Amino acid sequence: MKRLIAPAVLVAYGMIPVAAFVLVRGSDSPESVGSDVALSAIPLLLLATVGWRLVWPRWKLVGKLIVHPSIYAILSVYIGSWTIAVAWLHQGVFGLGVHIWFSRRHGFTWYAVEDPERYVAASKEMVSGTREVQ
């Protein structure tokens with residue numbers, strides 16, 4: 001039963017942008033672009049609020065908070081409300097999916113990382129490609 005929780009969360013997560021897309025269909029008006037960006041940024045803002053301790057290096061969090069909404073605005077002009085689905089898929093499938101994989105690989109509970117310092121150390125180790133001798 002525990003093995004089905006993560007896939008169920010990802011499926012439920014994927015349904016939210018579909019519902020938002022149905023609710024917010026519009027033109028390329030500034031209001032439409034603004035609502036697309038706001039709906040697209042919900043996961044980013046939620047994760048920034050909850051998981052800011054797990055982001056390394058720290059400037060990456062500020063960069064994401066600036067770059068992601070800018071990209072969503074550009075996408076909204078070109079693909080309209082489909083931006084919401086693209087953003088949620090990117091943040092959910094790639095972001096949350098990689099987080100779940102990484103957490104399981106390193107022995108963390110993916111929804112409540114017990115030791116943020118060890119998580120950041122494991123992230124640094126994975127990025128550098130080296131293992132520290134303990």
Side-chain angles (χ1 to χ4, degrees):
M1 184 65 173
K2 275 187 163 182
R3 293 185 149 212
L4 297 176
I5 293 174
V9 167
L10 289 174
V11 168
Y13 182 88
M15 292 315 212
I16 294 171
V18 173
F21 178 73
V22 169
L23 294 173
V24 183
R25 277 187 244 158
S27 63
D28 294 335
S29 68
E31 296 83 18
S32 178
V33 171
S35 62
D36 288 347
V37 170
L39 289 169
S40 297
I42 289 171
L44 174 68
L45 297 173
L46 181 64
L47 262 64
T49 303
V50 174
W52 63 270
R53 309 170 318 211
L54 305 176
V55 178
W56 171 83
R58 292 284 182 220
W59 58 263
K60 186 176 172 184
L61 183 61
V62 175
K64 283 184 175 190
L65 291 171
I66 294 169
V67 172
H68 279 236
S70 302
I71 291 171
Y72 303 150
I74 293 166
L75 281 175
S76 181
V77 170
Y78 289 103
I79 64 173
S81 291
W82 283 103
T83 301
I84 300 165
V86 170
W88 279 65
L89 283 172
H90 170 257
Q91 296 170 72
V93 173
F94 297 119
L96 185 58
V98 168
H99 168 72
I100 290 170
W101 167 81
F102 183 82
S103 295
R104 287 184 174 172
R105 182 168 189 246
H106 293 282
F108 298 106
T109 306
W110 67 271
Y111 52 86
V113 175
E114 298 84 10
D115 186 0
E117 290 80 22
R118 190 168 70 89
Y119 185 97
V120 170
S123 297
K124 290 177 182 179
E125 180 181 306
M126 184 170 235
V127 170
S128 70
T130 61
R131 290 216 170 239
E132 294 180 14
V133 178
Q134 294 180 357

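Computed from a predicted model, the values in this text were never measured in an experiment. These numbers come from the heavy atoms of this one structure, side chains and all, not from hydrogens, waters or symmetry mates. In what follows, residues are counted from 1 in the order of the sequence shown.
- Using modelled atom types, one side-chain atom of Ser35 and one backbone atom of Ser32 make a donor-acceptor pair closer than 3.5 Å.
- Distance alone, capped at 3.5 Å, is enough to place a donor-acceptor pair between the Arg118 side chain and the His106 backbone.
- Put simply, Leu47 and Leu61 are part of two different groups of oily side chains (I, L, V, M, F, W, Y) that touch within less than 4.5 Å, one to the next.
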- Evaluate the side chain to side chain donor-acceptor pair (under 3.5 Å) criterion for residues Asp36 and Ser81: first the C-alpha distance (whole Å), next the side-chain angles of each, then the deciding distance (0.1 Å), finally the verdict. CA-CA 6 Å; Asp36 288 347; Ser81 291; 3.2 Å; yes

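- Following chains of ILVMFWY side-chain contacts shorter than 4.5 Å, one cannot reach Val50 starting from Tyr119, and the two form parts of different hydrophobic clusters.
- The backbone N or O of Val93 sits nowhere less than 3.5 Å from a side-chain atom of Trp88 that would complete a donor-acceptor pair.
- Evaluation of the side chain to side chain donor-acceptor pair (under 3.5 Å) test over residues 59-71, restricted to residues two or more places apart or in two chains, returns His68-Tyr72.
- Side chain of Glu125 to backbone of Ala121: no donor-acceptor contact under 3.5 angstrom is found.
- In this structure, the ring of His99 has its center no less than 6.0 angstrom from the ring center of Phe94.
- Under a 3.5 Å cut-off, the side chain of Gln91 and the backbone N or O of Val86 do not form any donor-acceptor pair.
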- Begin with the C-alpha distance, continue with both residues' side-chain angles, and end with the deciding distance and a verdict on side-chain contact (heavy atoms from CB on, under 4.5 Å) for Arg53 and Glu117. CA-CA 8 Å; Arg53 309 170 318 211; Glu117 290 80 22; over 6 Å; no

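- Hydrophobic clustering (ILVMFWY, side-chain heavy atoms < 4.5 Å, transitive): Val62 and Leu54 are in distinct clusters.
- Atoms CD1 and OG1, on Ile100 and Thr109 in that order, are 12.0 Å from each other to the nearest 0.5 Å.
- Taking the side chain as every heavy atom from C-beta outward, Ile42 and Leu39 approach each other to under 4.5 Å.
- The shortest heavy-atom contact between Ile66 and Pro69 is O-CD, 3.7 Å.
- In this structure, the side chain of Arg58 engages the main chain of Trp52 through a donor-acceptor pair within 3.5 Å.
- Linking Ile, Leu, Val, Met, Phe, Trp and Tyr residues whenever their side-chain heavy atoms come within less than 4.5 Å leaves Leu46 and Ile84 in two separate clusters.
- Here OG of Ser103 is found 8.5 Å from CD of Glu114. Values are rounded to the nearest 0.5 Å.
- Counting heavy atoms from C-beta outward, Trp56 and Val127 have side chains that approach closer than 4.5 Å.
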- Task: Start with the C-alpha gap between Ile74 and Val77, add the side-chain angles, then the distance that decides, and say whether side-chain contact (heavy atoms from CB on, under 4.5 Å) holds.
- Result: CA-CA 5 Å; Ile74 293 166; Val77 170; 6.0 Å; no

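- Between Phe102 and Phe108, the distance separating the two ring centers is not shorter than 6.0 angstrom.
- Heavy-atom minimum distance, Leu96 versus Trp110: CD1-CZ3, 4.2 Å.
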- Task: Decide side-chain contact (heavy atoms from CB on, under 4.5 Å) for Leu45 and Leu65; before the verdict, give the C-alpha distance in whole Å, the side-chain angles of both, and the deciding distance to 0.1 Å.
- Result: CA-CA 8 Å; Leu45 297 173; Leu65 291 171; 3.9 Å; yes

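- A distance of 13.5 Å separates NE2 of His90 from OG1 of Thr83, quoted to the nearest 0.5 Å.
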